[in-house]
Each structure stands twice: as structure tokens, then as C-alpha cells.
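Note that ligands are numbered from 1 as they come in the structure, with each ligand's atoms numbered from 1 the same way.
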Amino acid sequence: KRMVIFASGRGSNAVALHDAVEAGAINAEVKALVCDIPGAPVMDRAREWGVPVILADRKQFGSKAEFEQFILDQIAPYQADVICLAGFMRLLSGDFISRYEHKIINIHPALLPSFRGLHAQRQALEAGVKIAGCTVHFVVPDMDAGPIILQSSVPVMDDDTEDTLAARILTKEHPTFIKAVSLFCDDKLRIEGGVVKGTQA
Ligand code: GRF
């Protein structure tokens, strides 16, 4: 499978995916990285991989539609079979998503449907939950709402801060994202009535 990764920041999930591809743990090849933030460290990681880096700086475009069209035009040649949103901090429009129906996979640092949106780890702490975690899901126009592929959990400790909880969740994000994308690339997943099946190997 041909993979394109979208990311906005540090890139630890992007690195995890790339390294898994290189190790043969994901049956894919990383064709390009798309980033929306000038100077984001993830672009340096992609350059180290020798992968084409596409910077789509939202501020350079007059509208969201033009911004998205630029990205669509830039990635079209790669004919992506899967787009992985690895800490990509923009919402993609329904038009964009429809171009890659059920081929866009996102990771979110909470157990959806709880705690959608930004600062999910903080939301979990403020809610006083004792179990937190991450969710890998197919992307639909609604934010953090698509069919769930895999989830992993971590305990919330009494002395947790947003940072300590985020770090604990992050350790589960990488293997969970890798496994979910691997299952997808091996065509193991099917969606029945909005529910993903085929994840228990
Ligand atoms: C991850 O926690 C991811 O779940 C969230 O943003 C963070 C990105 O981290 N969407 P990184 O850039 O992958 O290190």
C-alpha cells in the first residue's frame, strides 16, 4: 500500500509509522509527508527518511478550500491507498475526505467517543476518569467521530499532570497506530454498520 502521512508537530507517531514500514511491520511504503506548520520538527524527520515533504502553510492560502486543493494536487501523484493523520491539527472537509473514502486514519489521545477535540488528556484529568488511552479511527467529516479501529488504555494516576498523562498515553499510541495501519494495509478491516471488524487477528 502507498501511504502518505500528514503531521503538524513533533512527529513521534509519524516516526513510529515510518520505522514500522521500514521494519516490515506495515505492508506499505511512505510516499510523502504533508505538514501544515512551517518549521515543524516532523519535516526534518521526513527529510532524514528521504521522503518528499509537502509544506502546506494555511496562511499562504486565501481559503480552506484553496489550502485543501493544494494538498490534494500535491499528493495526487502518489495515489495514496492510505493517509495517516499523525498529529495533524487541522480538520479536513467532507469534500477532502470523500476523495479518500475510508482511507484516512487518525489517532486521538483519548478513548473516543469521550474527550473529542483538543487537550483530550486535560479533558480526561478534569473529568476524573481512572482509565484514559488512545483511539485509532477512520476519519469522517465530524471531528474525532469515525469508525473506531483500535483502542489502548492506560491508568490515570492521582499525581498525573496533563504532561505525565500525555506521555503515558503516547507510549500506547505508537504501537496502537502501527497495528491498526498494519491491519488496514493487509486488508484485514471491514466496516459493518459503522463498526470496524477484523481487528482480532
Ligand atoms: C499525539 O498525542 C496525537 O494523539 C495527537 O497529537 C499528538 C501528536 O504527537 N493528535 P506527535 O507529533 O505524533 O509526537
Point to revise | Parallel, tilted or perpendicular, as decided by the 30° and 60° cut-offs, for the rings of Phe70 and Phe61 | key: tilted
**Study point:** Electrostatic pair Asp142:Arg116 at N-O distance under 4.0 angstrom
**Key:** no
Point to revise | NZ/NE/NH1/NH2 to OD/OE distance under 4.0 Å, Arg190 and Glu192 | key: yes
Study note, to complete from the structure: When distances are taken from atom 8 (C) of ligand 1, the protein heavy atom at minimum range is Gly87 CA, 3.7 Å
Review point. Looking only at protein heavy atoms, which one is nearest to atom 5 (C) of ligand 1, and how far off is it?
Key: Pro109 CD, 4.0 Å
Practice item. Could you say whether the N/O atoms of His108 and ligand 1 ever approach to under 3.5 Å? Key: no
Exercise for review: Please report which non-hydrogen protein atom sits nearest to atom 7 (C) of ligand 1, along with the residue it belongs to and the distance in Å to one decimal place.
Suggested key: Arg10 NH2, 4.1 Å
Exercise for review: Considering heavy atoms of the protein only, find what lies nearest to atom 12 (O) of ligand 1 and give residue, atom and distance to 0.1 Å.
Suggested key: Gly11 N, 2.8 Å
Review point. Who's the nearest protein heavy-atom neighbour of atom 4 (O) of ligand 1, and how far?
Key: Glu173 OE1, 2.7 Å
**Study point:** Ion pair Lys1/Asp186, N-O distance below 4.0 Å
**Key:** no
Review point. Are Arg90 and Asp36 within salt-bridge range, i.e. N to O under 4.0 Å?
Key: yes
